[in-house]
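The structure under discussion appears below in the form of structure tokens.
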Amino acid sequence: MTSLEIYKYLFVVELIAAEAMFVRRMGKRSFFPLRLTAALLVCAAAAIFYPVNSWSYTGWYVSLMSLVLFFVTLFGIFFVFDISFKNAVFCASAAYTAQHLAYEVFKAVLLPFDIFAANDIYGQEIFEFSSFNGMTLVTALVYLNIYAGIYIAFYFILGKKIGASGELHLKSTVLLMLSVVILLVDIVLNAVTLYVSDGYSSLYDAVTAIYNCLCCLLVFYIQYSLINVKGITDELETVSRLLRQSQAQYELKKEQIDLINIKCHDMKHRLAAIKDGSDTSDIEDIISVYDATIKTGNDVLDTILTEKSLICQSKDIKLSCMADGGGLSFMSKADQYAMFGNIIDNAVEAVGKLDDKNKRCIDLNIRMTEGFVSVMAENYYEGKLKLSPDGFPLTLKADKNSHGFGLKSVKFIAEKYGGNLSVNTGDGIFRVAILIPVKIEE
């Protein structure tokens, strides 16, 4: 058995192991066990029956063999897992990037010791017990550690970015294809230079190894960006969807509160008319709760604060508000509703968990100062908040795809109008501060 024959078997095993990192969460097609078994058998057959002869030891032939085996595993992924072909290409190419980078790092590590990787690991010597020695064992251990380390790094940096549901959304097909082209060209050039004999030296091998590693890292960066950019896009789409919903919610809530106020106003007059000396103060107090419309000089803010004050009262939470809403008219109604609704909702959720009734309070201050709208909201909280890299508290709810966007949408709105948002969590008090320049309407 020649070294090239051994290499093609080991190459397929390395590639399949790398691909498993990226497809483990993917949806499975019907008859998954049978499909998986059939795909593995086809990959094994391709490695076994791919012809290797004495004239096969050329860069072009070896690169062709590697590409053929790669595409066999690619179609195997598409056959087994319920994903689009584009996503299958991404998973297979990411796996090939990890495998090729591990191979090049392994070669580079062995260069100072004047060891050629193909001889000890990819050669027949490892199967000949007569030539097996301590150096062969050390080389094998180095091989296993390097491949395991790089594969694990790829999984945690790139593989885990694929959602728990196995969903994978790639923004740019062009960038995906560019990464594949760069990778495959590097594979071909590496195979061609591997069989260069004229002018060969250890320095030559080191330069090519460094070049190949850099190409792999470039491809890896493109692949990482494809998912990362999509994650940001999905987040913005979610915030935009929530803002659209806020417009509809505002219209509905305003209509409901107006209707309640009208009915309660009529009932108070009826009670006044039918009093016969009996004590109806309890009834009047109950009704007056719904007739206590907050007036801030802004219809939207009035609606929000009235709605939220009723919610707070039902949860035994004190909502204190000093608000001058007259200068908010430059903001759309949906933006106002979403901004202040999310701020209060987050505060209500936090203080609602507190046992100390003295801390079950929310302070909201909205005022105009020197051409700016200043918003300050404060509330107590318990426990240790887990913050995201951008400084926002992470949601503790199980469905993280539908929650955790409240303050992000507030920040999005503030920045939309040229303002900014800051969060402070010192002394057990959660503070949200917003400053937005007032736009004078013509």
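Heavy atoms only: backbone and side chains are in, while hydrogens, waters and symmetry mates are out.
Side-chain N or O atoms of D427 include none that pairs as donor or acceptor with a backbone N or O of I429 at under 3.5 Å. R431 places no side-chain N or O within 3.5 Å of a backbone atom of M376 that could act as its donor or acceptor partner. Looking only at distances, no side-chain donor or acceptor of Y380 sits under 3.5 Å from a matching main-chain atom of N358. D186 places no side-chain N or O within donor-acceptor distance of the main-chain N or O of I182, the cut-off being under 3.5 Å. For the pair Y151 (side chain) and E14 (backbone), a donor-acceptor distance under 3.5 Å is present. When atom types are taken as modelled, the side chain of Q99 and the backbone of A18 share no donor-acceptor pair closer than 3.5 angstrom. With hydrogens and angles disregarded, a donor-acceptor distance shorter than 3.5 Å links the side chain of R29 to the backbone of F78. Of the possible donor and acceptor atoms, one in the side chain of Q336 sits under 3.5 Å from a partner among the backbone N and O of M331.
Between C321 and K308 the shortest side-chain heavy-atom distance does not fall below 4.5 Å. For the pair F430/N346, no side-chain contact is recorded, criterion being any heavy-atom separation below 4.5 Å from C-beta on. Under the 4.5 Å side-chain criterion, counting only non-hydrogen atoms from C-beta, V375 is not in contact with L421. With contacts defined as side-chain heavy-atom distances shorter than 4.5 Å, the pair L184/V188 does not qualify. The closest side-chain heavy-atom distance from T73 to I77 is not below 4.5 Å. Counting heavy atoms from C-beta outward, Y7 and M65 have side chains that approach closer than 4.5 Å. In this structure, L364 and L305 have side chains that are in contact, with non-hydrogen atoms separated by less than 4.5 Å. In this structure the side chain of C43 reaches within 4.5 angstrom of the side chain of I16, judged on heavy atoms.
Between the side chains of Y417 and D335, at least one donor-acceptor pair of N or O atoms lies under 3.5 Å.
Remark: D299 CG to I304 CD1 distance equals 11.0 Å, nearest 0.5 Å. Here the CG atom belonging to N379 is positioned 10.5 Å from the CD atom belonging to E349, to the nearest 0.5 angstrom. Between the CG atom of L178 and the CD atom of Q223 there is a distance of 10.5 Å, given to the nearest 0.5 Å. Here the CG atom belonging to N145 is positioned 11.0 Å from the CD1 atom belonging to I150, to the nearest 0.5 angstrom. Atom NZ of residue K411 and atom CD1 of residue I434 lie 11.5 Å apart, to the nearest 0.5 angstrom. Once rounded to the nearest 0.5 Å, the distance linking CG of D82 with CG of N87 reads 10.5 Å.
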**Prompt:** Between C213 and L101, does a side chain to side chain contact (heavy atoms under 4.5 Å, CB included) hold up when you go through it step by step?
**Reply:** CA-CA 6 Å; C213 288; L101 179 61; 4.0 Å; yes

**Prompt:** What's the verdict on side chain to side chain contact (heavy atoms under 4.5 Å, CB included) for I436 and L328, showing C-alpha distance, side-chain angles and the deciding distance?
**Reply:** CA-CA 10 Å; I436 304 175; L328 295 172; over 6 Å; no

**Request:** Please assess C361 against V351 for the test side chain to side chain contact (heavy atoms under 4.5 Å, CB included), listing each intermediate value before the final yes or no.
**Result:** CA-CA 7 Å; C361 56; V351 300; over 6 Å; no

**Request:** Give the intermediate values and the outcome of side chain to side chain contact (heavy atoms under 4.5 Å, CB included) for residues L15 and L69.
**Result:** CA-CA 9 Å; L15 198 55; L69 295 178; 5.7 Å; no

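R367 and D324 are not joined by a salt bridge, as no carboxylate oxygen comes within less than 4.0 angstrom of a charged side-chain nitrogen.
C216 and T97 get closest at one heavy-atom pair: O-CG2, 3.4 Å. Here the closest non-hydrogen pair linking S374 and T369 is CB-CG2, 4.0 Å. When all heavy atoms of A209 and A108 are compared, the pair lying nearest together is CB-CB, 4.2 Å. In terms of heavy-atom proximity, A94 sits nearest to L158 at CB-CD2, 3.9 Å. For L74 against A88, the heavy-atom pair with the smallest separation is CD1-O, 3.3 Å. Heavy atoms only, all atoms of each residue included: I362 and C312 are closest at CD1-SG, 4.3 Å.
Around atom CE of M322, no more than 12 heavy atoms belonging to other residues, nucleotides or ligands sit under 6.0 Å away. K28 NZ: more than 12 foreign heavy atoms inside a 6.0 Å radius. Within a 6.0 Å radius of CZ in F31, no more than 12 heavy atoms belonging to other residues, nucleotides or ligands are found.
At least one cation-pi condition fails for R35 and F81: the charged atom is not both under 6.0 angstrom from the six-membered ring centre and inside a 45 degree cone around its axis.
Each of Y96, F70, Y103, Y147 was checked for a ring-ring contact (aromatic ring centres under 6.0 Å, His included) with F11, and the lone residue meeting it is Y96.
Between F85 and F75, the ring planes are tilted. Angles from 30° to 60° get that label.
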